[in-house]
Amino acid sequence: MMESMEIDREKAPFTGEENKETKPIVVVLVGLPGSGKSTFSDEVMRISSRPWARVCQDTINNGKSGTKIQCLSVAATALKDGKSVFIDRCNIDREQRADFLKLGGQQTEKHAVVLDHPAKLCISRSVKRTGHEGNLQGGKAAAVVNQMVPKKELPKLSEGFDRITFCHDERDVKEAVNVYGSLSPLDSLPSGCFGQKKSDAKIQLGIMKFLKKVDPSGNAGSDPTVRQKCSPNKLSVGEDTVLQRSKMDSAALEKVGKSNELDITSTSGANSANSIPTLAFPSISTADFQFNLEKASDIIVEKVEEFIGRIGKARLVLVDLSQGSKILSLVKTKAAQKNIDSNKFFTFVGDITRLHSQRGLHCNVIANAANWRLKPGGGGVNAAIFKAAGSALEIATKEKAVSLSPGKSVVVPLPSSSPLFAREGVTHVIHVLGPNMNPMRPDCLKDDYVQGCKILREAYSSLFEGFVSIVRSHGVASIHNSGRPLESGGFQEVIPTNDDQKAKREADYESERSKKYKGLRLDLKSGASSLMDEEKIQDKSVNMTKSWASWAQALHDVAMHPNKHKNVILEISDDVLVMNDAYPKAQRHLLVLARVDGLDSIADICREHVPLLKTMHAVGLKWAVKFLNENKSLSFRLGYHSVPSMRQLHLHVISQDFDSIHLKNKKHWNSFTTPFFLDSVVVIKELEDVGRVTLKDDKCLAMELRCHRCRSAHPNIPRLKSHISSCQAPFSADLLQNGRLVSSTGTDF
DNA sequence: GTTCTAGAAC
DNA sequence: GTTCTAGAAC
């Protein structure tokens, strides 16, 4: 496992220097006439805060069409001025693009944006356009496009591009416009191929075969200059800042053994790599669980040796985030000593959640150094993988198992809805739990390395067994032939739970899953969900109103059945009732409840409720004044939570001392001191003026802790509370005006 | 909404 | 080691 600090280096994963200065970008637009290249660049330039120049061959000669040489010269000038440039010409084949890839040398990023619309569409567009300009007869325009179609050769990373974006429809184009348009002068984009259809490779291959231009394998390796450029032996770490992406990748690749005939192309984003099933795995138990590195590296090599004969052409890759990783170098050395085939097993530096997009290494399976609860969090690889894979992985994991014992693993097919599937091509995650030697962590084995080594061996056996089962059951075919990963072919180890708590969780699991995830299970079951599930899903889609958990019903119950709660009610009428907040967050903290059934929160309010809100405010204000008469040092705000936790519309009347043992966390604080708290007077005014209330996102609740008076920031709740106990700064003018703050010195009464 | 607690932060 | 947060469970 990697430490979380290392995960933080994600943005500059290699040396941390990559992003220090941002290079201008040469964006080579690729597309037929009428594909929208000019529109694309215009759109980006319109919204971008970054300096751009559009180099358009059609207009470069004082509005008339010019030459490629002119384009190169204008582009070079723009780059010298620090501008990024769009090369707005068809750039339909490799040869046309090659010279633009030399622009600015290594000081520029080279991108391609492919506007790959159907030729029919391009023709109809360019016919219209040329008709307008009167340059070409419609028929001629069609002929020009048609002539170009067979020459179309999609760009590849091996040509020297750092990044290629394929757009197949208007939605893709819009997305790409946003991506480039929102780049600030300091931003850079991740390297790699984005949006490529699986069929592209085949079409491309067909064209190439037809033209006999390129090695039909489609490999960049057919280009000797690239191969040489990529030779790991020619690199040293110090060169990284000026290296281009393809070099970075190969530098990141720490091949086991001394051979340098490694198929770099298979790791540079070329399609051929996608066809080799590859398991990327972190070193298990050596980070957080403090397993001895020497022993761990022995076990890794031993287990790799045992399994390497069983995985066919598939590959195992030990991954670590840091360049100087001890475990990588130990394993590398030991694997070389044992002459393990370095094409099938090697070590690799990179973020395991971004091996394809950042490092060009496609791994269809990744291992996760999981925790026993199979839950996100905990830092390191586990946190990173769950974060990168999104909720889809959590749900898919729950489908397979709820806990894991040390030495065991569980194979989880990754739903296509997961970003890891879409971006990285990961089809399976194998969670594996190693032995813990860290006394600070649960289930520590103390120094029992006899037991520890046994469990670590089991862990790798289980992991590799899982990978073997994936390779054997569907392997290559599953990676790209379907829109979603196939179910694992039988292998999985669902761990029987062995203590009461775990057993309880497992028992709860079924009912909980049906409660929480019924709407999401469509992703998991490929149209084969049971009738029962479908009924539940339909129910959910019909009933769109928010459902409230049982604990959130308390206020509703009081409002509907006040007789049952006489002891807590301070005042009651037909419309409203007043009660103390059960967990007051300040010296004085009341709730004024609406007694109408069906008004759960401020989201249900519209103009017709203004009289009710005015009543609630008047009642609340009356109590605030009463409290002020008892203690003139207090001040009050009356307002609603944008998104309340408890059902039944309720107005908070809360003194601004926030002196309470019940105020314990950030959510408490921010729910009363950020825009999440909607002042009653403001809500009423908004309803009267525009007929609806603007709610605030619950992002407010995660904001930093700031004093509500002087706005100073504080690192944690205790420090904040200590500060507010003495801060006497005046409240903001905004609060003092408009009657939002009720105090004895205020203007309200 | 609170309580409980693992694990992050110090 | 203690303090504090944040997520899960209710």
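Note on naming: letters A, B, ... go to the chains in the order of the sequence lines (proteins, then strands), and numbering restarts at 1 for each one. These numbers were taken from a predicted model, which means no experiment stands behind them. Values below: every heavy atom of this structure, side chains too, minus hydrogens, waters and symmetry copies.
A:K375 forms no cation-pi arrangement with A:F386, by the criterion of a distance under 6.0 Å to the ring centre and an angle within 45° of the ring axis.
Distances shorter than 4.0 Å separate some side-chain N or O of A:K585 from OP1 or OP2 on B:dT2. Put simply, A:K667 has no side-chain N or O that comes within less than 4.0 Å of OP1 or OP2 on B:dT2. Dashed line: the shortest gap from a side-chain N or O of A:H641 to OP1 or OP2 of B:dG1 is under 4.0 Å.
Among the heavy atoms of the strands, none lies under 4.0 Å from A:L555. Looking at heavy-atom distances under 4.0 Å, A:P718 makes contact with sugar-phosphate atoms alone, never a base.
Rounded to an integer number of Å, the gap from OH of A:Y640 to C1' of B:dG1 is 19 Å. A straight line from CZ of A:F386 to P of C:dA8 spans 11 Å, rounded to a whole angstrom. Between the NE2 atom of A:H668 and the P atom of B:dT2 there is a distance of 4 Å, given to the nearest Å. In this structure, A:F676 atom CZ and B:dG1 atom P are separated by 7 Å, rounded to whole Å. Between the CZ atom of A:R373 and the P atom of B:dA6 there is a distance of 8 Å, rounded to whole Å. Summarising the geometry, the separation between CG on A:N438 and C1' on C:dG1 is reported as 14 Å, rounded to the nearest angstrom. Taking atom CG of residue A:N436 and atom P of nucleotide B:dG7, one finds them 10 Å apart after rounding to whole Å. If you take CG of A:N371 and P of C:dG7, they are 14 Å apart, rounded to a whole angstrom.
The nucleotide whose nearest atom lies closest to any side-chain atom of A:M646 is, among C:dT5, B:dT3, B:dG1, B:dG1. Of the candidates C:dC10, C:dT5, C:dA6, the closest approach to any side-chain atom of A:K666 belongs to C:dA6. Checking C:dT5, B:dG1, B:dA6 against the side-chain heavy atoms of A:N716 singles out C:dT5 as nearest.
Using a 5.5 Å limit on the distance between ring centres and a 30° limit on the angle between planes, the aromatic ring of A:Y583 does not count as stacked on the six-membered base ring of B:dG1.
With A:V412 as the partner, the side chain to side chain contact (heavy atoms under 4.5 Å, CB included) test is satisfied by one option alone out of A:L393, A:L374, A:I395: A:L393.
A:S357 and A:E424 form a side-chain donor-acceptor contact under 3.5 Å, judged by distance and modelled atom types alone. In this structure, a donor-acceptor pair under 3.5 Å is absent between the side chains of A:S635 and A:S743.
Counting heavy atoms from C-beta outward, A:L591 and A:V578 have side chains that stay 4.5 Å or more apart.
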